[in-house]
Undergrad: 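Dumping the structure here so I can ask a few things about it.
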Amino acid sequence: MEANDLHVYNTLTRQKEPFVTVVPGKVGIYLCGPTVYKPSHLGHMVGPVIFDTVKRYLSYLGYEVTFVVNITDIDDKLIVEAAKQNTTVPELAERITKDYVKNLEILNVTGVDHLPRATHHVDAIIQMIKVLVDKGFAYPAAGDVYFDVTKDEDYGKLCHRDPEQMEAGARIEVSDRKRNPGDFALWKGAKPGEPFWESPWGKGRPGWHIECSAMSMKLLGTTLDIHGGGLDLQFPHHENELAQSESFNGEPFVHYWMHNGLMKTGTEKMSKSKGNEIVVSELLKRHHPETLRFFLLSTHYRRPIDFSEERLEEVRRALDGFYRFFERFERITKKSFFELQAPTARRPIPPNEPAAEFVAEVVGLWEKFLEHMDDDFNTGGAIGILFELLTALNRFADANHLEEGKGSEADLRAFQRGVLILKELSQILGVFHKPAATKEAGDDKLLGGLIQLLIDVRADARKNKNFALSDQIRKRLGELGVTLEDRTAGSIWRIEN
RNA sequence: GGCCCCUUAGCCAAGCGGUAAGGCAGCGGAUUGCAAAUCCGCCAUCCCCGGUUCGAAUCCGGGAGGGGCCUCCA
């Protein structure tokens, strides 16, 4: 049994449960990725960012984590879309997968270990279907193979759904090939012109849910520690995965089902079929990736999150305070925050150093941050602590005049220790790993030189109390989007967006 | 019709039985030649009505409003 205080909300039981792994010290996470027929929208990034953070935290706790995100690259939607675009299914799938993977990289989703594609695992899928048929859970019908939901005693346990009621509802696709309305396709016979694989039931392709069962089992074993996905996948996708997997091997399929809330635009869910999706690659033209990641983590993962440009702008303003601090830190220590090497594992809280109230305060915040993460990955609460930490660091720098070079050795040490903790916690969330994009303009030598020239001229004017001129320079620069700050060691500038 | 979930200040948001974190915006102050930045302070009794409890935003019941799923969807 592992010693940790982590609790995870489990959709299956509708409760927070202590986190215990199947294999001590190891965690397998399977996240349902996209069906690759259209460019990813912001909603597709919610899961990856959250579960990347989950992995970061579990790794921080000392677990060896394997994180799998599947790519569904064969499906009716792909066939239709490829035809529409006058291209092939593999070409379309490849192009959209690349878009997806690129977006993950930009959002600093670094923890994905495997991105299995359904088409690469058709043999395993066929094998699994065979066994389900042999065991009597599935039946072939005119080239298709269906799972018989009435053969699975606890079908519906994830979503509290009763197959009987589904018949009553009668809003599901009816097919004379199905024995029960709730039955779902494991294998679909190919119509002329459609992509196909040879199988014992003739030419065809996998149904929608089966690829996840086959690939997760292959990569992570019969029981997954964590299975994630959007709330909209609970039914039927996850319910069906669950049914077929447990029928297949008679063992629990998933220990913790975790479902993230959905991205909304206005009052509605964002989705491809509703046509209100915000395409990630477009969004990235207007916003820094860090802003998006921070936005996605700013609320608890189980709640819906409402997209708006205003919200992102607000997040950006909040982040500016951190970036200004990182520059302040560099002015004080001549070190780059982004290059600091912080610990990557949880460890006992070090004893307080004598006469170091500040360190005690920072360590206290550190503990609170971890308490929030222990509470079902409460990133919203954890981020709140990050802001408190920022204030504490600024306050300390102010009080001890660190920027004016008046701090003692001990003060500087304490300060750096505090900043290192900020770094350590930032890493858990996967934020602040590189400078803000606004600095790009600062890399322009000519521009930088010109502004410095104006600053020097202005410094002379100020020395001579020629405030009319100095204010004029500052005002005109401000109109151009350049903000000046007069500090004891000289004026600094930045470009406001 | 069935199954879930949500409702906290102007906006976003944490909170999971002991008298409301944090952010954005706003206001006041310190600092500054003036600014900017930073710091300090102010700004909610938690949709409504009942109930349980010594004590509820937090538990139970009812109501109102909103959302998701039941058909493809992260």
Side-chain angles (χ1 to χ4, degrees), chain A residues 7 11 14 16 31-35 37-38 40-48 50-51 69 75-77 80 100 156 159-162 164-166 168-173 182 208 228-237 239 259-264 267-274 277 294-295 298-300 302-306 308 310-311 313-321 324-325 327-328 368 372 375-376 378-388 390-391 393-399 403 462 465 467 470-471 474-475 478 483-488 491-494 496:
Chain A
H7 283 68
T11 305
R14 314 271 159 183
K16 278 183 200 168
L31 172 67
C32 281
T35 299
Y37 73 102
K38 274 188 177 178
S40 24
H41 66 245
L42 229 209
H44 293 123
M45 298 295 114
V46 178
I50 283 160
F51 288 95
V69 180
D75 176 88
D76 295 14
K77 296 247 166 169
V80 172
Y100 181 71
C159 304
H160 306 105
R161 241 165 261 225
D162 181 356
E164 310 273 322
Q165 286 178 346
M166 307 213 319
R171 281 182 63 184
I172 24 195
E173 183 192 348
W208 176 31
L231 215 52
D232 53 350
L233 292 183
Q234 273 183 20
F235 195 92
H237 190 233
E239 192 72 61
H259 290 97
N260 58 268
L262 303 175
M263 177 69 60
K264 303 195 303 173
T267 55
E268 270 193 325
K269 163 189 170 184
M270 182 182 293
S271 79
K272 288 182 273 201
S273 52
K274 289 196 168 138
E277 75 259 39
F294 216 87
F295 169 62
S298 64
T299 172
H300 187 92
R302 270 189 279 122
R303 301 189 56 167
I305 181 165
D306 203 354
S308 76
E310 294 71 32
R311 181 97 278 123
E313 180 57 26
E314 191 180 307
V315 169
R316 204 222 76 224
R317 272 201 292 272
L319 290 182
D320 281 346
R324 277 187 231 110
F325 175 76
E327 285 168 27
R328 185 180 200 193
K368 277 192 191 169
H372 276 116
D375 183 13
D376 194 30
N378 187 349
T379 53
I383 281 175
I385 302 299
L386 230 46
F387 280 102
E388 290 189 55
L390 176 67
T391 301
L393 290 165
N394 270 318
R395 188 194 299 128
F396 186 76
D398 278 2
E403 208 168 329
R462 291 181 70 213
K465 308 259 187 237
F467 295 122
S470 70
D471 289 350
R474 185 173 61 197
K475 182 165 170 271
T483 302
L484 295 189
E485 283 181 30
D486 297 332
R487 300 188 164 276
T488 43
S491 300
I492 62 167
W493 63 276
R494 68 168 169 275
E496 303 280 3

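Chain identifiers are assigned alphabetically (A, B, ...) following the order of the sequence lines, protein sequences preceding nucleic acid strands; residue numbering begins at 1 within each chain. The structure presented is a predicted model; accordingly, all values stated were derived computationally and were not measured.
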Undergrad: When you check the phosphate oxygens OP1 and OP2 of B:C72, does a side-chain N or O of A:Ser271 lie under 4.0 Å from one of them?
TA: no
Undergrad: Please state whether the base of B:A37 and the side chain of A:Arg324 form at least one donor-acceptor pair under 3.5 Å?
TA: no
Undergrad: Of A:Ala318 and A:Met45, whose nearest nucleotide on RNA chain B comes first from the 5' end?
TA: A:Ala318
Undergrad: For B:A44 versus B:G26, give the span between their C1' atoms, rounded off to a whole number of Å.
TA: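 Taking atom C1' in both B:A44 and B:G26, they lie 15 Å apart.
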Undergrad: Just call it for A:Asp75: base, sugar-phosphate, or nothing, with non-hydrogen atoms closer than 4.0 Å on any strand.
TA: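 Nothing: the residue A:Asp75, judged by heavy atoms under 4.0 Å, touches no strand.
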Undergrad: Test your reading of the model: is there a side-chain donor-acceptor pair from A:Ser491 to the backbone of A:Arg487, 3.5 Å cut-off?
TA: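 A pair under 3.5 Å: no.
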Undergrad: Would you indicate, yes or no, if B:A74 has its OP1 or OP2 atom less than 4.0 angstrom from a side-chain nitrogen or oxygen of A:Lys272?
TA: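 It does, given that an N or O in the side chain of A:Lys272 lies less than 4.0 Å from OP1 or OP2 of B:A74.
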Undergrad: Students often get this wrong, so: under 4.0 angstrom with heavy atoms, is A:Asn394 touching a base, only sugar-phosphate, or nothing?
TA: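 Touches sugar-phosphate only.
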Undergrad: Work out how far the C1' atom of B:C16 is from that of B:A56, and round it to whole angstrom.
TA: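 After rounding to an integer number of Å, I get 11 Å for this pair.
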Undergrad: What is the nucleic acid contact for A:Gly33, judged by heavy atoms within less than 4.0 Å: base, sugar-phosphate only, or nothing?
TA: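 Sugar-phosphate, backbone atoms only, no base.
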Undergrad: If you look at every strand shown and take non-hydrogen atoms under 4.0 Å, does A:Gln234 touch a base, only sugar-phosphate, or nothing?
TA: nothing
Undergrad: Write down the distance between CD (A:Glu268) and P (B:G68), rounded to a whole number of angstrom.
TA: 6 Å
Undergrad: Classify the side chain of A:Arg395 and the base of B:C40 as holding, or not holding, a donor-acceptor pair under 3.5 Å.
TA: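 Answer is no: no donor-acceptor pair is held.
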Undergrad: Between B:A37, B:A74, B:C34, which nucleotide gets closest to the side-chain atoms of A:Met263?
TA: B:A74
Undergrad: Give the minimum heavy-atom separation between A:Asp375 and A:His300, together with the two atoms involved.
TA: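 What the structure gives for the nearest pair is O-CE1, 4.4 Å.
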Undergrad: Sticking with atom P, work out how far B:A14 lies from B:A9, rounded to a whole angstrom.
TA: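 Looking at atom P only, B:A14 and B:A9 are 13 Å apart.
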Undergrad: Have a look at A:Phe387 and say if it touches a base, only the backbone sugar-phosphate, or nothing, with a 4.0 Å heavy-atom cut-off.
TA: sugar-phosphate
Undergrad: Look at all strands and tell whether A:Gly43 reaches a base, only sugar-phosphate, or nothing, counting heavy atoms closer than 4.0 Å.
TA: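 It contacts base atoms.
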Undergrad: Could you report the tightest heavy-atom contact between A:His44 and A:Pro48, atom names first, then the distance?
TA: O-CD, 3.0 Å
Undergrad: Which nucleotide, B:C4, B:C69, B:A74, lies nearest any side-chain atom of A:Arg14?
TA: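 Shortest atom-to-atom distance from the side chain points to B:C4.
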Undergrad: Which nucleotide wins on minimum distance to the side chain of A:Asp375, given the candidates B:C16, B:A14, B:G33?
TA: B:C16
Undergrad: Write down the atom of A:Lys269, the atom of A:Lys274, and the distance for their closest heavy-atom approach.
TA: O-CD, 3.8 Å
Undergrad: So what's B:C42 paired with, Watson-Crick or G-U wobble, going by both distances under 3.5 Å?
TA: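 When the pairing criteria are applied, B:G26 turns out to be the nucleotide that pairs with B:C42.
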Undergrad: For B:C72, give its Watson-Crick or G-U wobble partner with both distances under 3.5 Å, or none.
TA: none
Undergrad: Taking atom CD of A:Glu485 and atom CD1 of A:Ile492, what is their separation to the nearest 0.5 Å?
TA: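 It is 4.0 Å, given to the nearest 0.5 Å.
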Undergrad: Which is true for A:Ser273 with a 4.0 Å heavy-atom rule: it touches a base, it touches only sugar-phosphate, or it touches nothing?
TA: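 A:Ser273: base contact, heavy atoms under 4.0 Å.
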Undergrad: For atom P, what is the distance between B:C27 and B:G50, given to the nearest Å?
TA: 39 Å
Undergrad: Does A:Asp76 contact B:C72 through a side-chain donor or acceptor facing the base, at a distance under 3.5 Å?
TA: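 A donor-acceptor contact between them is absent.
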Undergrad: Answer with base, sugar-phosphate or nothing: what part of the nucleic acid does A:Thr391 contact at a heavy-atom distance below 4.0 Å?
TA: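 Sugar-phosphate contact only - A:Thr391 comes under 4.0 Å of backbone atoms but never of a base.
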Undergrad: With both distances kept under 3.5 Å, what pairs with B:A57, Watson-Crick or G-U wobble?
TA: none
Undergrad: For A:Met270 and B:A74, what is the distance between atoms CE and P respectively, to the nearest whole Å?
TA: 13 Å
Undergrad: So which nucleotide does B:U31 pair with, by the Watson-Crick or G-U wobble rule with both distances under 3.5 Å?
TA: none
Undergrad: Base, sugar-phosphate, or nothing for A:Gly384, non-hydrogen atoms under 4.0 angstrom?
TA: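 Result for A:Gly384 = base.
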Undergrad: Using a 4.0 Å heavy-atom cut-off, does A:Leu231 contact any base of the nucleic acid, only the sugar-phosphate backbone, or nothing at all?
TA: nothing
Undergrad: Please report the distance, rounded to the nearest Å, between CZ in A:Arg303 and C1' in B:C4.
TA: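 From A:Arg303 CZ to B:C4 C1': 16 Å.
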Undergrad: Which nucleotide, B:A74, B:C34, B:U7, lies nearest any side-chain atom of A:Arg474?
TA: B:C34
Undergrad: Is a donor-acceptor contact shorter than 3.5 angstrom present between the side chain of A:Arg462 and the base of B:G33?
TA: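 It does, because a donor-acceptor pair links the side chain of A:Arg462 to the base of B:G33 below 3.5 Å.
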Undergrad: Please measure how far the C1' atom in B:A30 lies from the corresponding atom in B:A36, and state the result in whole Å.
TA: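 Approximately 15 Å lies between the C1' atom of B:A30 and that of B:A36.
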Undergrad: Does a donor on one side chain sit under 3.5 Å from an acceptor on the other, for A:Asp75 and A:Thr35?
TA: no
Undergrad: Any side-chain donor-acceptor pair under 3.5 Å between A:Arg303 and A:Asn260?
TA: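 Distance-only check fails for A:Arg303 and A:Asn260.
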Undergrad: State whether A:Lys269 places a side-chain N or O below 4.0 Å from either non-bridging phosphate oxygen (OP1 or OP2) of B:C6.
TA: no
Undergrad: What are the two closest non-hydrogen atoms of A:Glu277 and A:Met270, and how far apart are they?
TA: CA-CG, 3.4 Å
Undergrad: Just the rounded figure in Å: distance from C1' of B:A74 to CD1 of A:Ile305.
TA: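 The distance from CD1 of A:Ile305 to C1' of B:A74 comes to 13 Å, rounded to the nearest Å.
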Undergrad: Is the base of B:C16 touched by the side chain of A:Lys16 through a donor-acceptor pair closer than 3.5 angstrom?
TA: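 By the distance-only test, yes, there is a pair.
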Undergrad: Whole-Å distance between B:G23 C1' and A:His372 NE2?
TA: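 Rounded to whole Å, this separation is 14 Å.
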Undergrad: Applying a 3.5 Å limit to both distances, which nucleotide forms a Watson-Crick or G-U wobble pair with B:C47?
TA: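 WC or wobble partner is B:G63.
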Undergrad: Looking at the base of B:G23, is there any donor atom on it, or on the side chain of A:Glu314, that sits under 3.5 Å from an acceptor on the other one?
TA: yes
Undergrad: A:His237 or A:Arg487: which one's nearest nucleotide on RNA chain B is closer to the 5' end?
TA: A:Arg487
Undergrad: Of the nucleotides B:C11, B:A14, B:A74, which has the atom closest to the A:Pro34 side chain?
TA: B:A74
Undergrad: For B:U19, give its Watson-Crick or G-U wobble partner with both distances under 3.5 Å, or none.
TA: none
Undergrad: Looking at B:A74, B:C70, B:G68, which one has an atom nearest to any side-chain atom of A:Arg161?
TA: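 So the nucleotide nearest the side chain must be B:C70.
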Undergrad: Not counting sequence neighbours, which residues clear salt bridge (charged side-chain N to carboxylate O under 4.0 Å, His left out) with A:Glu310? List them please.
TA: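 With neighbours one apart ignored, the set is empty.
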Undergrad: Nearest to the side chain of A:Asp398, which nucleotide is it out of B:U38, B:A74, B:U8?
TA: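 Of B:U38, B:A74, B:U8, B:U38 is nearest to the side chain of A:Asp398.
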Undergrad: Can you measure A:Glu485 atom CD to B:A35 atom C1' for me and round it to whole angstrom units?
TA: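 In whole Å, B:A35 C1' lies 10 Å from A:Glu485 CD.
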Undergrad: Between atom CZ in A:Phe295 and atom P in B:G23, what is the gap in whole Å?
TA: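 Roughly 19 Å, once rounded to whole Å.
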Undergrad: Atom CD1 of A:Ile385 and atom P of B:G23: how far apart are they, to the nearest Å?
TA: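 Taking CD1 of A:Ile385 and P of B:G23, I get 11 Å after rounding.
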Undergrad: Between B:C3 and A:His160, is there an OP1 or OP2 to side-chain N/O distance shorter than 4.0 Å?
TA: no
Undergrad: Is a donor-acceptor contact shorter than 3.5 angstrom present between the side chain of A:Asp471 and the base of B:G33?
TA: yes
Undergrad: Take atom P in B:G10 and the same atom in B:C47, then report the distance between them in whole Å.
TA: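 Nearest-Å result for B:G10 against B:C47 at atom P: 13 Å.
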Undergrad: Quick one: closest heavy-atom pair of A:His237 and A:Cys32, and the distance?
TA: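 Where A:His237 meets A:Cys32 most closely, the heavy atoms are CE1-SG, 3.3 Å.
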Undergrad: For the side chain of A:Lys77, starting at C-beta, report the closest nucleotide among B:C72, B:G33, B:A14.
TA: B:C72
